Amino acid sequence: MTVPLRTPRLMLRAYRADDAAFVRDLYARAEVQRYIGDGTQRVSSDGQAREKIRGWDQGYAHEPVLGVWAIVDPVGALAGTLLLKPIPDSGTNTATDVEVGWHLHPRAWGRGYATEAARAVLAHAFEHGQDRVVAVTHPANRASQAVCRRLGMTHRGLSRAYYDAECALFELRAPTAHEGEAA
Ligand SMILES: CC(C)(COP(=O)(O)OP(=O)(O)OC[C@H]1O[C@@H](n2cnc3c(N)ncnc32)[C@H](O)[C@@H]1OP(=O)(O)O)[C@@H](O)C(=O)NCCC(=O)NCCS
């Protein structure tokens, strides 16, 4: 279930059916889609957006920790999406690891919202027993790689481990697991 979370400036909550116009606007944009997978997440109608929201709702209904959050800014406007989800392994239909991801509306770029929202979701993940979270970015997606670095994620170089594609791979371990390793 996508549990509500708060950050100093933002509210994170599950998407609702009446967010469809925003979801369509966000996922129809070329500048948002530019580095996201193979374009299959593109949305061009409110109906498709409602379907996407329904899919998230059902997909995460029985997940205690994972989720897809709508990011709400300080004036109550939707700013984008924060995801904590299973990441598909390359070459199989399995997903053994968990990824964090961010899709913000261009009007919300350059304000630190992606990093702030992701920090809260990662804390939530680690508090609930997740010991490692990865992020994969298109090798050319410098803005997304900067978010990973701001979050303190470690760059593991280029990898084809996920999505049958070459990505810049970042990872972050739970603070306790990390300290345990260092000891
Ligand atoms: C990737 C993406 C989320 C990055 O957004 P972003 O706004 O650059 O990232 P952040 O939220 O961390 O914001 C950091 C910027 O806000 C600025 N900022 C302004 N006010 C700030 C504040 N109060 N606190 C922190 N940062 C602030 C920072 O200086 C930084 O600007 P800079 O990049 O010019 O140095 C955004 O480009 C996006 O949604 N792209 C499309 C989807 C996508 O590609 N997703 C990634 C798939 S892997």
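These figures come from a predicted structure and were not determined experimentally. Counting convention: from 1, in listed order, for ligands and their atoms alike. Keep in mind that the numbers below use all heavy atoms, side chains included, and drop hydrogens, waters and symmetry copies.
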For [atom], grab the closest protein heavy atom and report residue, atom and distance to one decimal in Å.
atom: atom 16 (O) of ligand 1; result: Gly110 C, 2.9 Å
atom: atom 39 (O) of ligand 1; result: Leu104 N, 2.7 Å
atom: atom 37 (O) of ligand 1; result: Trp109 CE2, 3.6 Å
atom: atom 25 (C) of ligand 1; result: Gly112 CA, 3.5 Å
atom: atom 21 (C) of ligand 1; result: Arg111 O, 3.2 Å
atom: atom 2 (C) of ligand 1; result: Trp102 CD1, 4.4 Å
atom: atom 12 (O) of ligand 1; result: Thr115 OG1, 2.4 Å

Run the numbers for me: atoms of ligand 1, each under 4.0 Å from some heavy atom of [X], listed by number.
X: Tyr113; value: 11 (O)
X: Val136; value: 48 (S)
X: His103; value: 39 (O), 45 (N)

Minimum heavy-atom separation for Val100 to Ala118, with atom names?
CG2-CB, 4.5 Å
Closest heavy-atom pair, Ala117 versus Leu12, reported as atoms and distance to 0.1 Å, is O-CD2, 3.8 Å
Is_contact(atom 34 (O) of ligand 1), protein non-hydrogen, under 4.0 Å:
no
Are there protein heavy-atom neighbours of atom 28 (C) of ligand 1 below 4.0 Å?
no
Can a side-chain donor-acceptor contact be found between His105 and Arg29 if the only test is distance below 3.5 angstrom?
yes
Short side-chain donor-acceptor distance under 3.5 Å, Tyr15 and Thr81
yes
Inspect the contact between Arg54 and Glu51 and indicate whether a charged nitrogen and a carboxylate oxygen are less than 4.0 angstrom apart.
yes
Does a side-chain N-to-carboxylate-O contact under 4.0 Å join Asp19 and Arg13?
yes
Distance, nearest 0.5 Å, that separates CG of Leu82 from CD1 of Ile71:
4.5 Å
Between CG on residue Asp89 and CG on residue Asp164, distance to nearest 0.5 Å:
9.5 Å
Under 3.5 Å, N or O to N or O, is [X] touching ligand 1 that way?
X: Ala114; result: yes
X: Ala108; result: no
X: Val32; result: no
X: Val147; result: no
X: Glu31; result: no
X: Thr137; result: no
X: Arg150; result: yes

Is ligand 1 under 4.0 Å from a heavy atom in the side chain of Arg9, in the backbone, in both, or in neither?
side chain
Taking non-hydrogen atoms only, is Asn141 closer than 4.0 angstrom to ligand 1 via side chain, backbone, both or neither?
side chain
Closest by any non-hydrogen atom to atom 46 (C) of ligand 1: pick that one out of Ala143, Cys167, Ser144.
Ser144
Test of understanding: with side-chain contact (heavy atoms from CB on, under 4.5 Å), list the residues that count as partners of Pro4, not counting sequence neighbours.
none
Surrounding CZ of Arg149 (heavy atoms of other residues, nucleotides or ligands, distance under 6.0 Å), is the total greater than 12?
yes
Side chain to side chain, Cys167 and Leu158, heavy atoms closer than 4.5 Å:
no
Contact between Val72 and Leu78 at the side-chain level, heavy atoms closer than 4.5 Å - yes or no?
yes
Parallel, tilted or perpendicular: which one describes the rings of His124 and Trp69, with boundaries at 30° and 60°?
perpendicular
